[in-house]
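All values below come from the heavy atoms of this structure, side chains included, with hydrogens, waters and symmetry mates left out.
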Amino acid sequence: MIPSYAGPTARLIATTVLVAVAVGASMLALTALVLPGDWVRTGLVGIALVAATTGITRALLERRARGRGRGETAGGSVVPTLCGAAVAAWYVLATYGAPTSQPQLFIGSDAVGRVVDRLGDAGEIIRSEVAPVPGTLPITLLTVGGTLAVLLLGDALAGGLRWPAAVGIPLLALWCPPLVLVGSVPPAVFVVVVAALLLLLSVAAGERRRPRTERPPAAVRRAESARSVVTTAVALVVAVAAGLVAAASSSLPGYAGAWYQNFTTTGDTIQLSEDLDVLSSLTERSGEVVLTYTGVEEDVGPLRTYTATAFDGRRWQRGEERDGRPFAGDELLWPDDLATGGLQERQDLSVTVGSLRDDQLPVAIEPRRVDAGGTWGYDPLRDEVVGDRTDVGDVYTMGVRPRDLDPQLLRDAGAGVTEDAYLTVPQTEHSQEVAALAVEVVGETDNAYEQAVALQQWLRDPATFTYSTQLPRGGTGDPVWDFLQHRTGYCVQFATTMSVMARTLGIPTRLGVGFLPGEAVDDAASDGSRWQVTGKDSHAWPELYFEGAGWVRFEPTPATQTGTAPAYTTAEIDAPADPAPQREVPPPAAEQPELSEPTEPVPTEPPVAVEPEPADTLPAWAWVALAAGLLAGAGTTALLLLRRRRHTGPVDAEQAWQQVVAALAREGVSLPPPTTPRQAPGAVVDAVTRARGRAPVPEVHDDLTTLAEAVERARYAGPADQSGDMTGGASDDVEPGRPDVTEPDLAEVAARVTQRLTDRS
C-alpha cells in the first residue's frame, strides 16, 4: 500500500487508518439488524476519535523510543490502548449517559448509572423484540460501544502486538450477528473490509529498514511506488472477486436457501417501535397484513397499541413496562367513570392476528370490551391491554361502544385536570417561540376545544404544510421548531407538534400509536365487511384530555394520509390567517437525508416502526460471543503488559547489545554472521564508515568495546568469573584494569552508542 522506503511513522498511520476503516465498515453490517439512523454517524465519529488517540499516542511513543535507542520496544506498550479506552469511555458516557438524547461534554457518576440502566434495557429489547429494530438509545449504546471495543482490540493486535493477521478475529463480533440472523452483509461492506485487511498485511510484510539519510534513487522510488499501487489494486480486485463469487454461489443448484436459515425463521413479522424519533425519516413500510377484523359495516376508527407521554424534545418514549390488572370479558375497559347513557350502541367485531408480534393488543380508542383469553391485563393509566405476545392466527373479540362526542359537548367541557406529565414541555432554545406561535395560531379564544380545533385545522392545511416521509435537514437543535420552519413531515412530526403546542396552552396531551382502520376487502364468507390492516397503516396521533369526556383523538396529519378528521373536530371556528413564523431554517431544498436500501424482509418506519423478523429473539450464542470478546480483550491487554514488562527493568549485556544491533539495522548496517564480540567494534566502525563516507567519533569504538567485553563475559565466563575475572582462556586478551560494568551502566552505554550512531550532525 505504501512504498517500502516509507518510515515507521507512515506505517503506523497506515496501520491505524486501515484498522479503523475495517472496523467502521464492519459496523455498517449491523444496519441489517438496527435500522440506519443517527447512530451510524455517532459510531463513525467515535471510531475516528479513538483511532486518532491510539495512533498519535503510539507514534509519539515510538519516536521517543527511537530517540532513546530502544528499537521497537515501544510498539508493545499498553499505553496507546489505555488512552484509546479512556477516550472511548468518555465518548460513550457523554453520548449515552446524558439525561436526555442530547450529549453532554462533562460527565459524572450519574452518567455511569444511566449507561448501566440503558444496557439493561438493551438486553430486554434483544430478548423481546425482533430484528431489524429501531436505533433507540439502549440499542445504539450497545452497538456503538461494542464497535469501539472491537476497534480497541483490533488496534492493539495490529499496532501493539504487531499481529495484523489477527485483526479479523475481533471483527467477527460485528459480522456474526447479521450473518447468522439475516444470512448476509452488504456487498460494499465485504469489499471494503477484505481490502483493508489485505492492505494491512501488505503494510507489515513490505516493511524494510533503510538509513533515514539514504534517499533511494529515482528509478527505485518509481518502482516501489508502482508496486504500492499494484498492491492496492490487487487487494481491491481480490475483495471484489470474492464478493462476486459469494453472491453467485447463492444461485447454484442445490443451494436451497441459505445456511443461516437453520438458525432463523423466514416469515415477516411486525412490531411497533416504542421509541419514536422525531428527526428520523420514514423508511419503506411493510405491506404485510397485521390483522383483519370482521363483523362491522364501517370501520371502528384507529386501533391503538400503546400511548406515550414522555417527550424529551426529540423522542417519545412509552416508559417502563407495567403489569395490567386482570379483567373479565364483559368488563367495559376505560380509564374514567362512564355514564352508559352517553355511549352509543355496541359494535361487535372479531379480530384475527396476522404478522403482528407485540405484547400490547391493538384495541379501539373508544370504550370497549375485550375477550382475548390468555393472561392479558388492562393498564388503566395508559389505557392499554398488555401481557401475552400476539402470534399469527390469534383471535380476540371486541365490543366497542363509541362515546357521544360533539363539538358543543367538548366546547363546554374544557381542558381536564391530569398529572403534570401530560403538560410537560421540553425546554429548548425555541420553546418560547413555539409557545408564542401556538397563541398566535389559536387567536383570541381561550376555550380548550376551539384551541385544539384551530391547531388541527392549521396543521392539516395543505397550503401550509406538506406530507412527506422524507424530512428536510433542520439546523436549530429543536425538532419541533425545525418542523415549523420547513413544514414538511409525516404523522410523527404533525402529532408531536400539535401535542407540544397544545401543552403550551394548558391542554393535557399524550400520543397514541397504533394503526389506521385499514381497508375493506371483499369476502363473501364473512358476516359483513372484512377489514384488512397492513404495516403501511401504522400511525401516530395526539389525544387531548377534556373534563368529563376523557381522552379525545385529534388528527393533525393531512388528509392525504389519514382521510377525513373525526366529525367532532370539524366545527367551524374563526381562526386567524397563517402566522408564518420567521424562518430560521431555509426552506427545504432537493437535499434529503441518505437512506440505506431496505434489506429483506423490508424494514419499516423507525418512528412508528413495523419490523420484519428473521429471528424470534437473539440466540444464546450472542451472549457467549460477548463473553468471548471480553475475554479476548482481557487477554490482549495482558499480552501487551507482559510484552512491555519484558522490556523494562535492568538491562543485561545481551539486551544492551541487541538494542545496538537493532539501531544498526535501521541505519542499513548489518554484521557478517561469523563476527564475534571481539571483532564487532571494528566491524561496526568499518561498516558505518562505508555507509556514510566518514568514520564515527572515537567514543563509539570505546563504547562498543565496553559492550562487546560484557557480552563476551556473559557468554563465555564461568559463574564465578562473571564479575570481571576472565578464565578458561576464552578472554585472555581482555585489557587488564578495565572497571567492571554494571547492568544499569550497560543501558546507558547502549543508549549513548545508539544516539551517536543515529546522529546526522
Side-chain angles (χ1 to χ4, degrees), residues 36-46 48-49 90-108 110-111 114 118 134-137 140-141 144 275-282 308 310-317 423-441 459 465-466 468-504 509 511 540 579-589 591-595 606-607:
D38 291 339
W39 70 269
V40 175
R41 181 176 66 251
T42 301
L44 294 178
V45 170
L49 287 175
W90 168 82
Y91 186 73
V92 169
L93 291 173
T95 305
Y96 298 103
T100 67
S101 59
Q102 298 299 321
Q104 57 183 11
L105 181 61
F106 301 101
I107 58 176
D110 54 342
R114 294 189 192 97
R118 285 167 178 167
T136 59
L137 276 178
T140 57
L141 163 62
V144 174
D275 188 357
L276 310 185
D277 189 344
V278 183
L279 287 180
S280 296
S281 293
L282 188 62
F311 180 60
D312 64 5
R314 175 173 176 176
R315 289 180 171 87
W316 287 94
Q317 295 182 348
L423 292 171
T424 301
V425 177
Q427 295 302 308
T428 68
E429 294 182 1
H430 299 279
S431 55
Q432 296 299 322
E433 288 94 329
V434 174
L437 181 58
V439 172
E440 192 172 354
V441 169
L459 290 167
F465 289 88
T466 302
S468 174
T469 59
Q470 305 303 307
L471 299 181
R473 187 168 298 167
T476 70
D478 185 337
V480 173
W481 187 248
D482 284 341
F483 174 70
L484 290 172
Q485 306 307 303
H486 57 62
R487 301 189 176 189
T488 302
Y490 56 98
C491 62
V492 172
Q493 287 73 41
F494 283 95
T496 299
T497 300
M498 181 169 179
S499 297
V500 171
M501 297 179 79
R503 287 184 176 187
T504 65
T509 310
L511 201 72
Q582 180 181 0
R583 293 176 179 256
E584 297 186 7
V585 180
E591 177 185 5
Q592 298 290 349
E594 294 183 1
L595 297 177

* Is the closest side-chain heavy-atom distance between T497 and L459 below 4.5 Å? -> yes

* Give the minimum heavy-atom separation between A540 and A495, together with the two atoms involved. => O-CB, 3.9 Å

* Pairwise side-chain contact, F311 with V480, heavy-atom cut-off 4.5 Å (strictly under) -> yes

* Between F483 and F494, how do the two ring planes meet: parallel, tilted or perpendicular, split at 30° and 60°? -> perpendicular

* Do Q427 side-chain atoms and V425 backbone N/O form a donor-acceptor pair below 3.5 Å? -> yes

* To do: Quick one: list whatever passes side-chain hydrogen bond (donor to acceptor under 3.5 Å, both in side chains) with T504, sequence neighbours left out.
  => none

* Look up atom OH in Y96 and atom CG in L137, then write down how far apart they are to the nearest 0.5 Å. => 7.5 Å

* Asked: Rounded to the nearest 0.5 Å, how far apart are CG of L93 and CG of L141?
  -> 9.0 Å

* Look at the aromatic rings of W481 and H430 and report parallel, tilted or perpendicular, splitting at 30° and 60°. => parallel

* To do: Report the distance from atom CD of Q317 to atom CG of L511, rounding to the nearest 0.5 Å.
  => 12.5 Å

* To do: Mind checking the CD-OG1 spacing from Q485 to T476? Nearest 0.5 Å is all I need.
  => 7.0 Å

* For the student: nearest non-hydrogen atoms of L471 and S280, plus distance -> CD1-O, 3.4 Å

* Heavy-atom side-chain contact between V434 and V500 under 4.5 Å -> yes

* To do: Indicate the atoms forming the closest heavy-atom contact of G477 with D482, along with that distance.
  => N-OD2, 4.2 Å

* **Shortest non-hydrogen contact between W39 and G135, atoms and distance** => CD1-CA, 4.3 Å

* **Exam field: side chain Y91 to backbone T42, donor-acceptor pair closer than 3.5 Å** => yes

* Structure fact -> The side-chain hydrogen bond (donor to acceptor under 3.5 Å, both in side chains) partners of T136 (sequence neighbours excluded) come to none

* Quick one: list whatever passes side chain to side chain contact (heavy atoms under 4.5 Å, CB included) with L279, sequence neighbours left out. => D277, R314, P479

* **Exercise: identify the closest heavy-atom pair between V278 and T496** => CG2-OG1, 3.9 Å

* Structure fact -> Rounded to the nearest 0.5 Å, the OG1 atom of T95 sits from the CD1 atom of I107 at a distance of 10.0 Å

* Hey, could you give me the OG/CZ distance between S431 and R503, rounded to the nearest 0.5 Å? => 14.0 Å

